[in-house]
Every structure is written in structure tokens, then in C-alpha cells.
Asks: 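Here's a structure for you.
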Amino acid sequence: MAEQPRADLLSPDTHGARTHTCGALRHDDTGEDVTLKGWVDTRRDHGGLVFIDLRDRYGLTQVVFSPQDNQDAYEAAGRLRREDVISVRGTVRPRGDEAVNPNLDTGTIEVKADSLAVLNTAETPPFVVSAHEERQMDTGEALRLKHRYLDLRRPALQDNLTLRHRLYQTTRRYFDDHDFLEVETPVLMKSTPEGARDFLVPSRLHPGRFYALPQSPQTYKQLLMVGGLDRYVQIVKCFRDEDLRADRQPEFTQIDVEMTFATEEQVYDLTEGLMADLWADLEDTTLETPFPRMTYVEALRTYGTDKPDTRFGMELHDVSDCFAGSGFRVFESIVDGGGDIVALRVPGEGDRNRAQMDRLEDYVTDEIGAAGLIYFQLPSDGSEMTQNLSTDALPKEYGRAAAEQVGATAGDLVLTLAGDPPTVYEQAGDLRLYMGEETGARPDPRSGEDQFLWVTDFPLLEYDEDEGRYVSMHHPFTAPQADDLDALEETPGDVQARAYDLVLNGNEIGGGSIRIHTRETQQRVFDVLGIDADEAQERFGFLLDAFRYGAPPHGGIALGLDRLVMLLAGADSLRDVIAFPKNQSGQEPMVQSPDWVDPEQLETLALRLDLPPDVEPPAHVARRSRLAS
RNA sequence: GGGCCGGUAGUUCAGCGGUUAGAAUGCUGCCCUGUCACGGCAGAGGUCGCGGGUUCAAAUCCCGUCCGGCCCGCCA
């Protein structure tokens, strides 16, 4: 262990409490005797004069040490290093006109230091920490996560956490104003078979049995409705043991909402009100409500996804009819087999050269996974349309018809993919997003241009090829639409759900549904899912039992708080809006979790390791494990 | 489980078969009384992730492996 650097500098703090933060002082405070405490951000040593930028959460204040004011303090200040923690007592004085720093909120003043107390010294940090973002190098995230307490000193991260805090406050105030009760639900609950993998917690008192961490408090919040709580909200941690992404963490936070007697319209209205308050408080903008709505089918047909980014055009069109009788065998055989030819118009890209188009074709086959790309280019000079097919294979009139149907004019590019729905639409949707990014048509996440959208009328079930059965698209408690109920057993794939997603700029930020509240309907859905009565009773008996005693209709929504903050902050990763996030392999590099545990702990829990051959526990674990057994 | 990109000084990167591996920044020392990402001078700092191979010669090419990031699968 390194010794305390410059230990002789340390001095007791005789200054008492701080009088101001480092972001507080203004010209009006001139002449005030103040005490500031904080970190040394920057030191500018002029030999006969030392400037320190003192930093805390609130800002930077320039402190000046001069031998005329206090010889000892001046000498000590010359030995200060970045990230030392100091207390300064001094006098606020105005800066001359030419010395004002317009980049600092406190830039019109400085503090003339009369006394310095060095509260703690710092070793040289592994990377530069500074409120001056220009000093900041783009240090690798691995190192920043390992020393998260240093990274957290940067205003960029503090701003994100501040935003997150304000989102909590606005959310709680909003729901309180609407008569919601915040109720905590258990973190140690029971494993549910459907959905994501559970995190398990072994039970010491019941050897061999496990709690599970909630993927969401879904069943508990429904039981709160049965319990007559009427309106429930919780800002709650949820856990899913699946692979991570930039926008997916194994533990994440939801704004979980449930209402008795709720209709879809009430959920939309309530959620829109919250978003309006959030945007008013955090973005200082007025959202237009109600938000537009689109059915799942329309979203898939028009945007190739259930979370469309509607901020830019390039909508998808079914141009199958345009190619009827064209003689182009690839298209004709796909259409004859029930497939579609899907086109999108890319404005202003009709003059791309051959090499560019070849690269695009490669992207479509390699990255998107489509069989091929047929395209039509309309040069901006109005000259003849070109296509990447010989006119023998496909006479040009058919391409022209397709171009006309998608509204293409001179200078536009028309891209077509062919295949079976829904896959071809999803591929075309991927292509649309790619072209949107590539051409700059899709607004930047930081543009502030926000478009909310409700996606409605989801299918209740989708067929899972691997499992050979239907699975819930949302979750097994989602109510089918009343008109479709009769079809549940005959054509389960056609049943629509009373489910909805909230989409913001192409990101799913929430989803919910009106729930099943009768035992009979719930059992019918379980049946279709292949869960028979015995199994249902074993897994979800508590819910089915509750439904026997007068369960009211209810429904709600869950909003992804981390993603909301990420989008509001303009961050690229969830990790930038979570204080102590996990890396892509699910580890937390600072405390180094997950970690091995002592064999004694395992024994207490009646557990024994059965590791794959390529996993070698550290020596102390392996050794003690042998002793214990 | 798979694909792509990356790993060189404390940090961010350049170097991509041929002298002693560079730059910026940080760090250390000296100088400097109005700077504000202060400036000047000097200096220290490297197992080029790791292992193997090809070669007269490897940071550079090949194979393997580990680590990180992004994505696919997965995420009711």
C-alpha cells in the first residue's frame, strides 16, 4: 500500500462548516467572508501566485493564494495536486473586466484565500477527473467503471444522476396528485416459468428451495388491485438474467403502475399526463397530447417494427401488385407463395454510384439477412431510371410503376425486398433505419425532436417454433380483446390482446395491458399456453385463488425508467445514467461482482458447486471446498 | 452460442515486417504575481494483453487464448 502522499500537508479543519458551495458565489457576494470546501480540479501555479479551481457538485470557484495574504497557505497551495480535498477561508472579490471567465457561473468573482486546510491528499488518479470537459480524455469505460467514484465526480455523470433524481420527484408528485399509493412489493419472490431467466436466491431455512428476484412485480400489483388498493405505483427494481446490451442491464428500474377498473383510454391519458409533466419539468417543453396511435399490424406494415421511429419518412409500401405479370421469376414465385414485395423510397439518393450500391447490397444480404436487394434509381437530372436487373429479366415499366406507387421522383432511390411476411417487413424496417441513419434523415438522439407513439392491438400470442407451442407476446395475464375471445382455442394466433406499448423515437419505453380478472378466462389462456389446471394451480394458484373472491377488472403499464433517463439525457448507454452499472458481461468491475463465496456459505445453503471443466475456482475456494466436504 | 471492432507509456492514440517504438496529455523537478485546459525549460515513464508459430528480423504476418465494446441469438 502506498503511503499517504504529502502527508505533512494535512491539517485539521479549523474553518467550521462551509458557507457556500463552489457554484454559489456571484458578484453580489463581493466582500463576503466565505468558507469553501471541495476538490482541487485545476492548479495554475505562477510562482508568486497560485490559482486553484475548487470543485464540488455545484460548480467551480477560482481561489487565489498570494504570499501577501498568507505565506503558509500560499506555500501549501503550491504543493496541492489534483483531487486533493481542501477547505478555504477567504474573501470574495470581483474580477477585473478582462479577468472575468464567461465559461464559469462564478466567473465574475474569485476567492482571495486567507487560510487553507488540507483535509485529504490524493494519489495521482488513473485518469484525469475534471469539470473542464476539455481536459477529459475519452478514457476507456472499463477503467472508469473500476474507479466509478472518480468518474462520478465529473459533471457529465452528476448531471445525468441529477436528471434521474428530478424524474423520480416529478413522477412521485404526479402519481400522488392522482391518488396513487406507492406500495413496495417483495424482492424475494417466487420463480415464474414464463419469460426471461430468473435470478435465484437460495433459502437457508428451506434447503433446496429458492426465492427468485422479480422480473417485474406483475402478479403482486394485480393482487394489490384484488386487495382494493385501487391505484398503485412503485419505482421498482426488476431483474432479468439475460445477455446485456447498451440499453439493457440485468437490474433495471421500472415505473410500475396499476389501476382498478382501468380502460385503455385511462391508461393512455394517465401516462400522457406523466410524460407531459416530465417534459415540462425536465425539458421545459410542452408535449402535444394525446399521442398518436398505431396498431401493431399497421406499425409492422408501415415501419417493419413494433416500435417505429416516426420522426422520418421512408415508410414501407407493399408493391406486390406493381410486378404482377412482370415475368420476373424471383418476385413472382414469392408472391405466388403468399409473400410480399416491400418497397421504400429514399429521397435524394438516386445518384449513388455503382460501388455505393454494391456496398448497400452487401449490407442487405450480410447484416439484414435478406435474400437480395432490387433497386431502382431515378437520377436527379431527370434521365432514365436505372435498376440492378437486366431489362430482359424485368422490363422497366414495372420498376416505374413501383417507383410511382411509393411516390418517387427524380433524384430518389427505391429499394425493394421480397419475401414472406412478417420477416420481409422486419427486414425492410431494418433497412429503413439503416438508410435513415446513413442519410441523416433520422434525427440525432440529442436533437430534442421527440415523437411519442402508442402501438396498440398486439397479438395475444405468438407461435414459438422451438417450443412448438404458443407463448404470450406480453405476459400470460394480458386480457384478450372481447370480440376475439371465441377464437382463443381455434385460431389462437389471430386473437388480439388489450395490450399497448409506448414508443419514443423508435425506443420502447413502456408497455402494459388490461389484465384478465376472471378465473375462467385465465385458465383458458393457460390452456392455450399448454399449462394445464394442475400446473396452473401449482405455479399461479395464488392468483387464480384470488380471482375467486371478487377480483375487479384492472390494468396498467410499466415504464422503463432507465431508458427514459437515457433518452432525456441524450446518453448512448444505460451505464451513463446508473450510478454503479454492470459491464456487458454482467460484472460490476469496482466491487467485482459476482464473486466466489466461502464453502461455508454454500454449506449453510445446502449448495455444492458443480462447475464446468473449464472453470477453475481460486485456490482458497477450491482448497476449503475440499476440506469442507 | 455466434459475428464485427479494439487491446502499444498513467490516459487517449499513431506506428502495421527492418536503427534505440513515437505524439498529445498526465506525472516529477526547476522557473514564472493575473492565470483560467496558464506558460517556459528539463526529465522519468513501455513484458506493444498473453501463449505459440512463420521469418535473418515480429508491436507489425499466421494460429490459439484472455479481456473490453457494439450487434445477432436471448430479453413474457
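Note: hydrogens, waters and symmetry copies are ignored here, and every other heavy atom, side chains too, is used. In what follows, chains carry the letters A, B, and so on, assigned in the order in which the sequence lines appear, proteins first and then strands, with residues in each chain numbered from 1.
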Asks: Going 5' to 3' through nucleotides 34-45 of chain B, assign each nucleotide B (protein heavy atom under 4.0 Å from a base atom), S (under 4.0 Å only from sugar-phosphate atoms) or - (no protein heavy atom that close).
Replies: BBBBB-------

Asks: Suppose you measure atom P in B:U8 against the same atom in B:U60; what distance do you get, rounded to whole Å?
Replies: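 Taking atom P in both B:U8 and B:U60, they lie 13 Å apart.
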
Asks: Any side-chain heavy-atom pair from A:Ile514 and A:Glu264 closer than 4.5 angstrom?
Replies: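 Answer yes - side chains close enough.
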
Asks: With sequence neighbours excluded, tell me which residues meet side chain to side chain contact (heavy atoms under 4.5 Å, CB included) with A:Arg469.
Replies: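 Partners of A:Arg469 under the side chain to side chain contact (heavy atoms under 4.5 Å, CB included) test: A:Glu194, A:Glu467, A:Val471, A:Leu529.
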
Asks: What distance, rounded to whole Å, do you find between the two C1' atoms, one in B:C27 and one in B:G45?
Replies: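 That atom pair is separated by 8 Å.
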
Asks: Should A:Arg245 be listed as having a side-chain N or O under 4.0 Å from OP1 or OP2 of B:G69?
Replies: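 For B:G69, OP1/OP2 do not have a side-chain N/O of A:Arg245 under 4.0 Å.
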
Asks: What residues form a ring-ring contact (aromatic ring centres under 6.0 Å, His included) with A:His475, not counting sequence neighbours?
Replies: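 Result, ring-ring contact (aromatic ring centres under 6.0 Å, His included) vs A:His475: A:Phe477.
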
Asks: Mind checking the CE-CG spacing from A:Met590 to A:Leu145? Nearest 0.5 Å is all I need.
Replies: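 A:Met590 CE to A:Leu145 CG: 9.0 Å, rounded to 0.5 Å.
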
Asks: Are A:Glu437 and A:Arg442 close enough for a salt bridge, meaning some N to O gap below 4.0 Å?
Replies: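 Here A:Glu437 pairs with A:Arg442 in a salt bridge, since their nearest N and O are under 4.0 Å apart.
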
Asks: For A:Asp243, which residues count as a salt bridge (charged side-chain N to carboxylate O under 4.0 Å, His left out) partner, sequence neighbours excluded?
Replies: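 So A:Asp243 forms no salt bridge (charged side-chain N to carboxylate O under 4.0 Å, His left out) with any residue.
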
Asks: Tell me what A:Arg144 touches on the nucleic acid: a base, only sugar-phosphate, or nothing, going by heavy atoms under 4.0 Å.
Replies: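 The residue A:Arg144 makes no contact with any strand.
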
Asks: Contact list please: residues 73-82 of chain A against RNA chain B, heavy atoms, distance less than 4.0 Å, in numerical order.
Replies: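 Within residues 73-82 of chain A, the residues near RNA chain B are A:Arg81, A:Arg82.
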
Asks: Strictly below 4.0 Å, heavy-atom distances to any atom of RNA chain B: list the hits from residues 577-592 of chain A, or just say none.
Replies: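 Nucleic-acid contacts, sorted: A:Asn583, A:Gln584, A:Ser585, A:Gln587.
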
Asks: Can you tell me how far C1' of B:U25 sits from CD of A:Glu133, to the nearest Å?
Replies: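 These atoms are roughly 16 Å apart.
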
